[in-house]
Every structure is written in structure tokens, then in C-alpha cells.
Amino acid sequence: MPREDPKQVRIRYPEAGAGSTLLVFHPLVACTLAGLAAGLLAFAAGEATYDTFEAGWGTRQAPRAATAPPSAEARDGAMMKNAALAGAPLGALSGLFLGLAGGLLRGDSRRGLVGGGVGLALGGLVGGLAPLGLHRLAFELQDRYMVDTLLAGTAAQTAVAGLIAAVAGAGFGLALGGVRTVPRFAALALLGGVAGALIYATVGAAVFPLAETDRALATERTPRLLAHLLVALGAGAGLGLGLTGRRRRSRRREWEEPHKPDDADPAGAPDAPPVTPGAS
């Protein structure tokens with residue numbers, strides 16, 4: 001029996017008639033399950049820190065000293081900090097689980113740990129910093145240039161989701177095919193994360209009009225759950241769909257090693273094209 005090259009990428013697919021245990025090795029299923037787990041756990045972590053920062057009450061100078069309600073700037077500032085606390089676990093867990101999924105599909109636990117570790121570290125950093133910068137920019141656009149609140153908020157949410165998803169896709173690509181495949185899978189995950197954010201914005205505006213879903217963090221629990229799930233699931237679905245159908249392709253992927261000769265095919269020649277019946 002020929003010895004398998006450990007450096008060669010071989011994605012394991014479920015065989016027809018096989019047991020259901022192999023189903024998790026299908027790229028779309030594995031990536032979607034990883035995104036689902038990351039979204040649920042990140043939501044739980046975000047709820048544990050929800051409203052950690054609160055907008056302080058000011059003091060009126062005239063006509064008498066009295067407390068005043070928080071200003072819009074103070075309220076948005078506190079919300080952005082809370083969004084950063086919610087975004088950090090979303091980025092970290094998405095990077096971790098999708099990196100592990102890449103190692104699972106390759107059949108290499110070491111690569112999965114490397115990709116998951118990189119996704120965990122970079123995802124947590126990006127998920128924590130991106131809301132602070134991008135939502136503050138959206139607030140400035142609304143305050144100074146009178147940009148529509150829904151437009152500016154949705155743009156900021158989409159950018160944050162895209163960055164978080166791209167980092168998770170980079171961890172997946174690092175685990176599956178190495179550094180050279182990172183840009184491809186980062187782009188696939190980014191598209192999925194952006195799609196998830198746009199779906200959230202549409203559903204939020206239509207179904208939860210009072211939850212302030214165009215802000216950095218929704219004021220109701222259900223839309224916050226949707227925000228986490230749609231970003232993580234979108235990233236996972238983008239990665240899975242990018243790999244689905246690989247068995248029907250005759251051309252090898254760029255992360256796969258060229259065909260090497262073995263005992264069954266000493267010459268290492270590609271399979272002969274099918275013969276058409278009746279052809280001379």
C-alpha cells in the first residue's frame with residue numbers, strides 16, 4: 001500500500017451509503033456547525049457583559065443643580081464599549097472554531113490547532129477594536145454630516161462583520177492549506193459575514209423596529225442573538241460553499257499538491273478521458 005504524503009491536502013467527504021458519522025467531514029456541514037457553535041457561545045459571552053458600561057448622568061448648572069439625562073454622545077460611547085465587549089468573543093470564537101474546522105477537513109489536528117489559535121488571537125483583537133473605531137466613525141458621520149442613521153449604522157455593522165469573518169476565514173485557510181490559501185478563504189468568509197450583516201439589518205428594521213438594530217448593539221436580546229449567529233453562520237457558509245462541489249472538478253485546487261505516482265499508477269499519468277461509444 002502506498003504511503004500517504006502528510007503534506008497533501010485531502011478533504012474527507014461522506015461516502016454514499018456510509019454511516020452518518022462521516023457527515024461532519026462535508027465542508028458545508030463542518031463550517032456551518034463551527035459557525036453555529038461560535039455564534040451561540042459568543043452570544044452567551046456577550047450577554048454576560050451586556051451593559052457593563054453605562055452612560056453617566058450629567059449635572060445642570062442652571063437654574064438649579066440637578067441631574068440631567070445622559071447625552072446622545074455619552075450613550076453612544078457606552079454602547080460602543082459594550083459592543084466591543086460583545087465583538088471580542090465573537091471574533092475569537094469564530095476564528096477558533098473555523099480554524100479547527102479547517103484542520104478537521106484536512107485531517108490534521110496540529111494544523112487545526114495552529115489555525116484555531118491564530119483565529120482566536122487575531123479574531124479577539126479585531127472583534128474588540130473594530131466596533132470602537134467603525135461605530136465611532138458612524139456616529140461622527142451622523143452628528144457632523146447628517147448622514148442617515150440607518151445607512152451609517154448598517155455600514156459600520158457590515159464592516160465590523162466583514163472584518164471578523166475575514167479573520168476567521170484566514171484561520172480556516174491557514175489550517176486547511178497553509179499561508180498561500182489564507183487570502184482566498186478570508187475573502188470567502190468576508191463575503192459570508194457581509195451577507196449575514198445585511199440580512200440582520202433587513203430583519204432588524206422590519207421585525208424589531210424599536211430595538212435600535214442600526215446602533216452598535218441592539219437593545220433587545222433576540223436581535224443581539226441574530227447578530228451573532230448571522231455573522232458566524234455567514235462566515236462558515238461562505239467557506240463551506242467555496243469548497244462544496246470539489247469532487248466534481250477535474251482541476252485540482254491551488255492548495256493541493258500535484259498528483260504523485262504510486263503503485264497503482266507508476267507513471268503518474270492523469271486518468272484517460274472517457275471514450276464516446278461509436279467513436280473511431
> Within a strict 4.5 Å, meaning less than it, do heavy atoms of the L36 and T32 side chains meet?
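Contact flag for L36/T32 side chains = no.
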> Taking all atoms of both residues into account, what is the closest heavy-atom pair of R110 and D108, and its distance?
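Looking at all heavy atoms of both residues, the closest pair is N-OD1, 3.1 Å.
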> So, for A34 and A101, which heavy atoms are closest and what is the spacing to 0.1 Å?
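Heavy atoms of A34 and A101 come nearest at CB-CB, 4.0 Å.
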> Sort out for me which residue in V194, L190, L134 forms a side chain to side chain contact (heavy atoms under 4.5 Å, CB included) with L163.
L134
> Return the CG to CG distance between L113 and L120, rounded to the nearest 0.5 Å.
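It comes to 11.5 Å.
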> Just verifying a value: how many Å separate L137 CG and L132 CG, rounded to the nearest 0.5 Å?
12.5 Å
> Less than 4.5 Å apart, any side-chain heavy atom of F97 and any of L41?
yes
> Do any N or O atoms from the side chain of E212 and from the backbone of L217 form a donor-acceptor pair under 3.5 angstrom?
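No; zero donor-acceptor contacts below 3.5 Å.
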> Taking all atoms of both residues into account, what is the closest heavy-atom pair of A156 and A138, and its distance?
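So the two residues come closest at CB-CB, 3.9 Å.
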> Could you see if L40 belongs to whatever hydrophobic cluster contains L96? Use Ile, Leu, Val, Met, Phe, Trp, Tyr and a side-chain cutoff under 4.5 Å.
no
> Applying the 4.5 Å side-chain criterion to the ILVMFWY set and letting contacts propagate, would L90 and L233 be lumped into a single cluster?
no
> For G153 and H135, work out which heavy atoms get closest and say how close.
O-CE1, 4.5 Å
> Looking at CZ of R136 and CD of E140, how far apart are the two atoms once the value is rounded to the nearest 0.5 Å?
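The CD atom of E140 is 7.0 Å from CZ of R136, to the nearest 0.5 Å.
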> Return the CZ to OG1 distance between R224 and T213, rounded to the nearest 0.5 Å.
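R224 atom CZ to T213 atom OG1 measures 12.0 Å (nearest 0.5 Å).
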> In the structure I gave you, are the side-chain heavy atoms of N82 and T52 within less than 4.5 Å of one another anywhere?
yes
> Which distance, rounded to the nearest 0.5 Å, do you find between the CZ of F43 and the CG of L226?
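The distance works out to 9.5 Å.
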> Decide whether L122 and V160 are clustered together by the hydrophobic rule: side chain heavy atoms of Ile, Leu, Val, Met, Phe, Trp, Tyr closer than 4.5 Å, transitively.
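L122 clusters together with V160.
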> At their closest point, which heavy atom of A161 faces which heavy atom of G193, and how far apart are they?
CB-O, 3.7 Å
> Begin from the C-alpha positions of L176 and L243 and carry the test side chain to side chain contact (heavy atoms under 4.5 Å, CB included) through to its verdict.
CA-CA 11 Å; L176 182 64; L243 289 172; 3.9 Å; yes
> Considering all heavy atoms of both residues, which atom of A152 and which atom of Q142 are nearest to each other, and what is their separation?
CB-NE2, 3.7 Å
> Would a hydrophobic clustering, with Ile, Leu, Val, Met, Phe, Trp and Tyr connected at side-chain separations under 4.5 Å, put L230 with V203?
yes
> Would I164 and V182 show up in the same hydrophobic cluster when neighbours are defined by side-chain heavy atoms closer than 4.5 Å?
yes
> For a 4.5 angstrom cut-off between non-hydrogen side-chain atoms, does Y200 reach V231?
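No, too far: nothing below the 4.5 Å cut-off.
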> Testing L100, L188, L105 one by one against F172 for a side chain to side chain contact (heavy atoms under 4.5 Å, CB included), which residue passes?
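Among the candidates, only L105 passes.
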> Look up atom CG in L225 and atom CD in E47, then write down how far apart they are to the nearest 0.5 Å.
8.5 Å
> Does L151 offer a backbone N or O that forms a donor-acceptor pair with the side chain of T154 under 3.5 Å?
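A pair under 3.5 Å: no.
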